[in-house]
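Position 1 is the first residue of the sequence; numbering continues from there. Note that the structure is predicted; figures quoted are calculated from it, not measured.
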Amino acid sequence: MLFFHSLKSKLSNQETVFGILNSVPSPVICEMFAYAGFDFAVLDTEHVLISDDTLAHCIRAANCSGLPLLVRVPDDNAVTIGRVLDAGAAGIVVSRVSSLAMANNAIAAAKYPPLGTRGISGGRNTGFGTLALQDYIDLANREVVVCLMIECINGMAALPDIVKLAQVDMIIEGALDLSLSLGYGTQVTHADVQAQIHKMAHLCQAQNVTFCAIPRTPEQQASWHEKGTKAFLIGEDRGMIFKTFKHQLDTLKQTK
């Protein structure tokens with residue numbers, strides 16, 4: 001059943017929220033995110049191989065532990081978006097949004113008529129019928145979170161129109177792919193790349209759309225706070241886990 005958590009209201013009230021990118025799909029890790037106190041997590045299905053069963057178990061674990069779990073999908077495919085929402089995800093994060101049409105397609109796939117074109121199913125999302133279909137439709141149209149990632153030059157060009165769409169809840173920066181798109185390779189801190197990221201934030205703030213930053217240095221974190229940014233992805237669990245393992249091992253090896 002779709003569980004309605006606090007993320008949508010926090011975004012609407014412009015409260016500060018912290019999320020994490022989940023690249024190690026595991027129900028246990030989803031529970032750990034919840035108990036660690038994250039406001040949301042983004043489970044990556046663009047770059048990570050994950051079975052339908054594992055995805056379903058991760059969503060269920062997040063639901064049961066009170067974690068708003070957003071599923072990152074590779075594109076605006078309506079079937080993919082509908083299936084993850086039917087499974088109970090709190091919302092979607094659409095990767096590589098590069099046009100107004102793509103943004104509109106994602107919204108249409110995530111929302112029921114009259115807001116979109118999502119098809120209705122009465123399975124787990126409605127508690128197998130314990131929640132009336134119309135009640136579920138009304139709740140889903142109000143509560144499902146739609147986030148779009150801007151990761152290329154074309155996405156930046158379309159962003160002034162995208163942020164005017166009523167059903168966009170959050171824009172997430174994708175500095176690495178944006179840097180590649182701009183011709184700077186992996187230089188995510190390059191001045192031109194950062195200028196585009198700050199332009200992204202400005203366009204969002206002008207339309208009261210939440211902008212989600214991914215700070216890569218303490219200085220960036222402080223700067224975003226000073227600029228009034230309210231949403232942050234603190235990074236990716238996979239990298240954090242690896243660094244922790246390696247640090248612990250290296251520390252033990254150096255112990256005499």
Side-chain angles (χ1 to χ4, degrees), residues 11 19 21-23 40-50 70-85 89-111 115-118 144-216 220 224 229 231-233 235-236:
L11 296 179
L21 184 61
N22 179 203
S23 294
F40 67 99
V42 179
L43 196 162
D44 186 4
T45 67
E46 179 191 11
H47 297 293
V48 177
L49 293 173
I50 179 171
L70 310 177
V71 176
R72 180 183 183 184
V73 294
D75 52 34
D76 56 349
N77 184 280
V79 173
T80 302
I81 291 171
R83 291 182 71 208
V84 299
L85 293 177
I92 54 168
V93 174
V94 184
S95 298
R96 301 175 180 272
V97 175
S98 58
S99 67
L100 179 62
M102 189 174 178
N104 274 315
N105 290 342
I107 292 168
K111 303 291 181 177
L115 300 180
T117 58
R118 181 181 170 190
V144 163
V145 178
V146 176
C147 306
L148 309 177
M149 291 196 74
I150 304 299
E151 307 178 78
C152 67
I153 297 173
N154 290 339
M156 285 300 305
L159 189 58
D161 293 321
I162 290 173
V163 293
K164 294 177 183 177
L165 299 175
Q167 301 302 325
V168 175
D169 296 299
M170 184 159 63
I171 298 292
I172 303 177
E173 55 115 325
L176 182 54
D177 279 315
L178 182 57
S179 181
L180 291 169
S181 177
L182 291 168
Y184 295 110
T186 60
Q187 299 178 66
V188 295
T189 58
H190 191 283
D192 291 348
V193 177
Q194 289 302 307
Q196 290 297 308
I197 298 296
H198 283 83
K199 179 181 178 181
M200 194 185 303
H202 175 74
L203 289 169
C204 289
Q205 290 167 355
Q207 295 294 327
N208 292 318
V209 174
T210 298
F211 168 73
C212 183
I214 309 176
R216 289 169 170 80
Q220 285 186 348
W224 283 123
T229 301
F232 301 92
L233 274 175
E236 178 196 65

Give, for atom [atom1] of [X] and atom [atom2] of [Y], the distance between the pair rounded to the nearest 0.5 Å.
X: Gln167; Y: Asn104; atom1: CD; atom2: CG; answer: 10.5 Å
X: Glu236; Y: Asp44; atom1: CD; atom2: CG; answer: 7.5 Å
X: Asp161; Y: Leu100; atom1: CG; atom2: CG; answer: 5.5 Å
X: Leu203; Y: Met156; atom1: CG; atom2: CE; answer: 6.0 Å
X: Leu180; Y: Gln187; atom1: CG; atom2: CD; answer: 10.5 Å
X: Ile162; Y: Gln207; atom1: CD1; atom2: CD; answer: 12.5 Å

Give me the atom names and distance for the closest heavy-atom approach of [X] to [Y].
X: Cys147; Y: Leu70; answer: SG-CD1, 3.8 Å
X: Val94; Y: Ala106; answer: CG2-CB, 3.7 Å
X: Ala109; Y: Ala78; answer: CB-CA, 3.6 Å
X: Met102; Y: Asp75; answer: CE-CA, 3.9 Å
X: Ser179; Y: Thr186; answer: OG-C, 4.1 Å
X: Thr80; Y: Val73; answer: CG2-CG1, 3.8 Å

- request: Report yes if some heavy atom in the side chain of Thr45 is under 4.5 Å from a heavy atom in the side chain of Val84; otherwise report no.
  value: no

query: Any side-chain heavy-atom pair from Leu178 and Ile150 closer than 4.5 angstrom?
result: no

message: With side chain to side chain contact (heavy atoms under 4.5 Å, CB included) as the criterion, how do Leu21 and Ile214 come out once you've worked through the C-alpha distance, each side chain's angles and the decisive distance to 0.1 Å?
response: CA-CA 10 Å; Leu21 184 61; Ile214 309 176; over 6 Å; no

Verdict with reasoning, Gln220 to Thr189, per side chain to side chain contact (heavy atoms under 4.5 Å, CB included): CA-CA 10 Å; Gln220 285 186 348; Thr189 58; 4.0 Å; yes

For Thr210, side chain to side chain contact (heavy atoms under 4.5 Å, CB included) partners two or more places apart: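 In terms of side chain to side chain contact (heavy atoms under 4.5 Å, CB included), with neighbours along the sequence ignored, Thr210 is linked to Leu11, Met170, Ala231.
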
task: Could you give me the CA-CA distance, side-chain angles and deciding distance for Ile153 and Gln196, then say whether side chain to side chain contact (heavy atoms under 4.5 Å, CB included) is met?
output: CA-CA 9 Å; Ile153 297 173; Gln196 290 297 308; over 6 Å; no

message: Counting neighbours of NE2 on His202 that are heavy atoms of other residues, nucleotides or ligands and sit closer than 6.0 Å, is the number greater than 12?
response: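 It does not: His202 NE2 has 12 such atoms or fewer within range.
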
query: When you look at Val146 and Lys111, which way does the side chain to side chain contact (heavy atoms under 4.5 Å, CB included) test go after all the steps?
result: CA-CA 9 Å; Val146 176; Lys111 303 291 181 177; 4.0 Å; yes

- prompt: What pairs meet the salt bridge (Lys or Arg N to Asp or Glu O under 4.0 Å) rule with one or both residues in residues 165-187, with sequence neighbours excluded?
  reply: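 Of all non-adjacent pairs touching residues 165-187, those that pass salt bridge (Lys or Arg N to Asp or Glu O under 4.0 Å) are Lys8-Asp169, Arg96-Asp177, Glu173-Arg216.
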
message: Between the side chains of Glu151 and Arg72, is the shortest nitrogen-to-carboxylate-oxygen separation below 4.0 Å, so that they form an ion pair?
response: yes

- prompt: When the ring planes of His198 and Trp224 are compared, do they come out parallel, tilted or perpendicular, using 30° and 60° as the limits?
  reply: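 Ring orientation, 0 to 90° scale: parallel.
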
